[in-house]
Amino acid sequence: MPSLLYFIVEQRKQPDLRGLPTAVVQYNAWKGGALIAVSYEARKYGVKRSMRGAESKQVCPQIQLVQVPVARGKADLSTYRNAGSEVVSILSRKGRCERASIDEVYLDLTDAAETMLAEAPPEILEVIDEEALKSHVLGLNSEDGSDAKESVRKWLCRNDADRRDKLLACGAFIVAELRLQVLKETEFTCSAGIAHNKILAKLASGMNKPAQQTVVPFSSVKVLLDSLPIKKMKQLGGKLGDSLQSDLGVNTVGDLLQFSEEKLQERYGINTGTWLWNIARGISGDEVEGRLLPKSHGSGKTFPGPQALKTIASVQHWLHELCEELSERLQLDLDQNKRIAHTLVLHATAYKVSDSDSHKKFPSKSCPLRYGTAKIQEDALSLFQAALREYLGSYTAKMQGSQNNHWGITSLSVSASKIVPIPSGTASITKYFHGHPSCSSTKQSQNNLIEEATPVPPSGNESYSEVNVTKPQIEFPGEETMIKYAETSSDQLEDKIDLLNDQNPCCSSTNQACDEFTQETVLVSTSGNEHCSGMNQSQPMKNYSGEESCVTLSMPSFNRQEQKRKAVKDKRTCSILRFFKNQDPSCAPQKLEHVENTEDVKAPPLSPGIQSRSNNCLDQNRSELPKERPPEDAGDSNVCGSFQIEHRRGGAWSYNIDEIDPSVIDELPPEIQQEVRAWIRPHKRHNTVKRGSSIAHYFLPTKNT
DNA sequence: CATTTTGACGCT
DNA sequence: AGCGTCAAA
């Protein structure tokens, strides 16, 4: 599963590592550091992630240990983030792309597959892509002595296949091509899963690694899931999966089929219950979100064992380091993607010695984010002090000297969230609302926006007198603001793609959004967003002179494209909502509400059956589901109620989503389509089942079946 | 108190 | 807003 992004990034810095057992370690002072990526050569020796460097040397003495770059005294993952961006910029070319992690994406290739099926179906291809022939097709019986590639070719090109499988076959070709493109342009290899929805594609992507792709034909879903250990499914690898096993005796996904949706809801809540019921049938309505950029940025560090921080001054020092990194990344995001973060969050973990509630968690605190390293640091420190006071309660003890005997901080992190694009759209929906008094004020300067985004300092500004008042006069080494990027020289990377081809068999023609076949690809990366505003992580960091060449060097193969793309979409916006919600001419960014806020506009609850409808991959199950409506109802069922904008702006606009003709959506520009589709998607329902604390409800008394 | 450093999302 | 869960390298 772990794809080898980190390792390949290091390998292209040191090509000599090729073919050698290698691991990437974070730090190395203590027991040789912690392994976070292990090459396949090293795995043969039993080297595993989470081992210590020294431990890996015991089982594989010749192992090469490469260190994660360190900046400001902490691990610096920026080279890996950038490498992920490279791959995203390629994989996002053929369809909607969702950055799922630093090295995974989902692609919805429905449109591309349908186009291919209509215009150049596999059966007419004279030359079949070799890479596509290497696909693994689940359920394909290649045991009868036939050559695997030949049977794959037959499957891919079958003329009499179910349309859904034909679309998957097209997806397999498209993905094979994308993977080759990634290899050619970046030297990363990818693995991929191709299926009708995200969860199946994710599952398949891990089945043949590295650098291979796996197709899940529609007809193989049931057999695949029947015997699949429940914990292999994404989201079931943790406590929920444990509970299913120990409380319900569910060991495979197939075992889940015995339980009614109501039963599962009763146990796990309305949303999780329905989700489980669907998952058991290979159904997932989870859509591929068109998002190439992260929703938050964070910087953190642990201080294990004796390294625990025991003075405010040391906390202040590390907050400075962390905030500097965070600020730098925020500035980069602003410059490259024209996005502003609105919330600063501080997390820490701490221990208290012998206190009744010494296990109390250190509280998290947040406040409005003000740009600038110094401001971020100041606010983070205030948040920390407020949290520390709360953590210690009325606990008042005397300090002796700068040290304290009562508490220690074992981890610190700062993060920035609520990141929204700067309103500066020209390619937005403005033109469709010609003459509408938009607030967009596209000319608003970044500085203005930032100013407006910055006001409120956190509360709890009082210095923490009971504990340690010594106002920091920190003189830690290396405190100066040095922006440092590890440089990557040549290129050659590796990755993984999970690809899906998701179709929705039961919603046929009435509803466009539902009618689609969705194919997706899970893979690594981030960066240039085709549909959203000028977000483009991969651009050279133009505002840091001296750094640009570094970044440019590290991604030579797509700079040209990036530059070209940038010229086209420098000024755009992603959100349609501001035109409705934010009529205030000042258009202050705090009030600028983005897509997330659509959640505030609640739709009436949907019946479970409606949610179940989407992306049903198990045809055979449909007849068993009385609650499911016939396909003709799908269009109506899926639109989920009224969307009322006037609450937000006191204006006069109000739409009933039921009244939107789905075919109209396709007329909209892609970036707007995304948002509209998000509106009409089924909403999560409020959980009316009363339960205890979040995890406790997993362990309620069992009454089976 | 030695796996670390991320990141997304759900619940209340 | 704050907490918890899950996942990935």
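All of these numbers come straight from a predicted model, not from anything done at the bench. Residue numbers begin at 1 in each chain, while the letters A, B, ... track the order of the sequences.
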I want to verify a distance call: between [options], whose nearest atom is closest to the [X] side chain?
X	options	value
A/Arg329	B/dC9, C/dA9, B/dG7	B/dG7
A/Ser50	B/dT3, C/dC3, B/dG7	B/dT3
A/Lys74	B/dT5, B/dT6, B/dC9	B/dT6
A/Gln235	B/dT5, C/dA7, C/dA9	C/dA7
A/Leu5	B/dT3, B/dG7, C/dA9	C/dA9
A/Ile36	C/dC3, B/dC1, C/dA9	C/dA9
A/Ser296	B/dG7, B/dT6, C/dA8	B/dG7
A/Ala34	B/dA8, B/dT6, B/dT3	B/dT3
A/Thr272	B/dG7, C/dG2, B/dC11	B/dC11
A/Ala37	C/dG2, C/dC6, C/dA9	C/dA9

Test ring pair (Phe, Tyr, Trp, His ring centres under 6.0 Å) applied to A/Phe362 - qualifying residues, sequence neighbours left out = A/Phe384, A/Tyr391
ask   = By side chain to side chain donor-acceptor pair (under 3.5 Å), which residues pair with A/Lys231, not counting sequence neighbours?
value = A/Asp242
inquiry  = Once side chain to side chain donor-acceptor pair (under 3.5 Å) is applied, do any residues pair with A/Ser50, and if so which ones, sequence neighbours excluded?
reply    = none
Could you state the [atom1]-[atom2] distance from [X] to [N], rounded to the nearest angstrom?
X	N	atom1	atom2	answer
A/Asn271	B/dT12	CG	P	10 Å
A/Gln26	C/dA8	CD	P	17 Å
A/Glu321	B/dT4	CD	P	19 Å

message = Whether A/Arg72 and A/Glu324 form a salt bridge (side-chain N of Lys/Arg under 4.0 Å from carboxylate O of Asp/Glu) is what I want to check.
response = yes
query = B/dT5 phosphate, OP1 or OP2: any side-chain N/O from A/Tyr80 under 4.0 angstrom?
reply = no
message = Between A/Ser411 and B/dT4, is there a contact of a side-chain N or O with OP1 or OP2 at under 4.0 Å?
response = no
Sequence-distant partners of A/Gln26, side-chain contact (heavy atoms from CB on, under 4.5 Å), two or more places apart = A/Ile36, A/Val68, A/Ala75, A/Leu77
Which residues share a side-chain contact (heavy atoms from CB on, under 4.5 Å) with A/Asn251, sequence neighbours left out = A/Gln245, A/Asp255
message = Just to be sure I understand the geometry, which residues of residues 299-308 of chain A put a non-hydrogen atom under 4.0 Å away from DNA chain B?
response = A/Ser299, A/Gly300, A/Lys301, A/Thr302, A/Pro304, A/Gly305, A/Pro306, A/Gln307
request  = Can you tell me, in whole Å, how much space there is between the P of B/dC1 and that of C/dA9?
outcome  = 28 Å
message = Between B/dA2 and C/dA8, how far apart are the two P atoms, rounded to whole Å?
response = 25 Å
ask   = Is it true that the side chains of A/Thr22 and A/Glu41 contain a donor and an acceptor less than 3.5 Å apart?
value = no
